[in-house]
Protein chains: 2
Amino acid sequence: MTGSYTLVETEARVSHRLSHMTLDFEAMAVTHNLFRAASAVRNHLERNVLSESGLSWTAFLVLWVTWIWEPVETRVVALESGISKATLTGVLSTLEKLEYAVRTRSPDDGRRVLVTLTDKGRDLMEDLFPAFNLQEVDLVSHVPVESRTELATMLRQLISYTEEA
Amino acid sequence: MTGSYTLVETEARVSHRLSHMTLDFEAMAVTHNLFRAASAVRNHLERNVLSESGLSWTAFLVLWVTWIWEPVETRVVALESGISKATLTGVLSTLEKLEYAVRTRSPDDGRRVLVTLTDKGRDLMEDLFPAFNLQEVDLVSHVPVESRTELATMLRQLISYTEEA
DNA sequence: TTGAGATTGTTCGGGTACGAATAATATACA
DNA sequence: TGTATATTATTCGTACCCGAACAATCTCAA
């Protein structure tokens, strides 16, 4: 916290810089906090849970999606993980090198590639996932219990906008 | 949206995989949606506002922080932007190459480096920022007006946890 | 005043991250 | 049957992203 500016300081300063513009500060605060929260939470989880197993956030996410849906097409993994297929190609190569996942050509359609976990990958997730969830519980501890569902709902409303054609 | 699984489908599948574990699904939904929202919103803004000026999300963020606080130490810029100082070094080099910002050695302390915008950089922000905010307004349009402040507040509560020693 | 310890920005190595171009495969229609 | 069109995963080029190691600079006590 040391050295960082408060929300009030920032808003005062922004108003000063932008006094001649018409702006929606509430919308600004939402997106701003959304990114601060996402990157803060991500860094926290990477340091406290993932670093021990040498997994990046994205690698874990891909592993998780595969764990839930395997065997699953890479197209779906990319979509569910929120990354591009170009990025996924690299991450899958990493996971194959670490022997957590394998690629298989689809028998029905030669263009498609299916992803599955190795036994080693499944073992890892069995260990990692509960530890991960424990940290998630800690993270939301400052948000009142009765508001958490609403928070998840509002976040989904943000997602739904970007999914419109 | 095509091809992606719904929340209900995912939760059903996760429960099946994890029936023998004790998990907090609400905490899971919050972090999961937090990241989906952040990456969706980020990609949306990069495509609809930033791509025209050849700026990445992070480059814009750094430019924005500098615009508000200049002249400002790189240490503070990194903190406020939520990136590491190693990353900032690269981004600042990009911004200097594009002639949007400049580095200056601090006269008081030889270790410190101060960042300021060029006139070109300030002109860019004068144009870009209102366009950016317009998109932000669109993005929160699916979240009821009366809930937006609360959303921003809850996101700050998430941030506050990670800031504890 | 000198030297141990702290602070700061950069470099380095490895892993994401994206859009655009590409190659391989499948589909549709003539 | 063949050929245009569509869909898929990969490659390519460039930029971001971090922790760790590093060199430069400052601080402060002996």
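Each chain gets a letter, A, B and so on, in the order its sequence line appears, and its residues count up from 1.
- Annotation: salt bridge (charged side-chain N to carboxylate O under 4.0 Å, His left out) contacts involving residues 26-35 of chain B, sequence neighbours excluded, are absent.
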Determine whether B/Ser93 and B/Arg103 satisfy the following criterion, side chain to side chain donor-acceptor pair (under 3.5 Å), listing intermediate values before the conclusion. CA-CA 9 Å; B/Ser93 300; B/Arg103 276 186 262 222; 2.9 Å; yes

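- Within residues 54-67 of chain A, the residues having any heavy atom under 4.0 Å from DNA chain C are, by residue number, A/Ser56, A/Thr58.
- Between the side chain of B/Arg75 and the backbone N or O of B/Lys85 there is no donor-acceptor pair closer than 3.5 Å.
- The distance from atom NE2 of A/His44 to atom P of D/dG19 is 13 Å, rounded to the nearest whole Å.
- Among residues two or more places apart in sequence or in another chain, the side chain to side chain donor-acceptor pair (under 3.5 Å) test is passed with A/Ser81 by none.
- Residues in residues 57-71 of chain A take part in these salt bridge (charged side-chain N to carboxylate O under 4.0 Å, His left out) pairs, two or more places apart or across chains: A/Glu70-A/Arg122, A/Glu70-B/Arg17.
- Between A/Thr94 and C/dT16 there is a side-chain N or O to OP1 or OP2 distance below 4.0 Å.
- Checking the phosphate oxygens (OP1, OP2) of C/dC18, a side-chain nitrogen or oxygen of A/Thr87 falls inside 4.0 Å.
- Atom CD1 of A/Ile83 is separated from atom C1' of D/dA15 by 17 Å (rounded to the nearest Å).
- With rounding to whole Å, A/Leu50 atom CG is found 15 Å from D/dC18 atom P.
- As rounded to whole Å, 17 Å separates atom C1' of C/dA17 from atom CG of A/Leu79.
- A/Asn48 places its CG atom 12 Å from the P atom of D/dG19, with the value rounded to the nearest Å.
- At the phosphate of D/dC18, neither OP1 nor OP2 sits under 4.0 Å from any side-chain N or O atom of A/Arg47.
- Judged as a ring-ring contact (aromatic ring centres under 6.0 Å, His included), and not counting sequence neighbours, the contacts of A/Phe60 are A/Phe132.
- B/Val76 and B/Met125 fall within a single hydrophobic cluster, where Ile, Leu, Val, Met, Phe, Trp and Tyr are joined by side-chain heavy atoms under 4.5 Å apart, directly or via other members.
- The distance from atom CG of A/Asn43 to atom CD1 of B/Ile83, rounded to the nearest 0.5 Å, is 11.0 Å.
- In this structure, B/Glu136 contributes its side chain and A/Ala27 its backbone to no donor-acceptor pair below 3.5 Å.
- Between B/Leu98 atom CG and D/dC16 atom C1' there is a gap of 14 Å when expressed in whole angstrom units.
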With the sugar-phosphate defined as primed atoms, P, OP1 and OP2, and the base as all remaining atoms, what B/S/- string results for nucleotides 8-13 of chain D, 5' to 3', for protein heavy atoms under 4.0 Å? SBBB--

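- Residue whose closest nucleotide on DNA chain D sits further toward the 5' end, between B/Lys97 and A/Glu46: B/Lys97.
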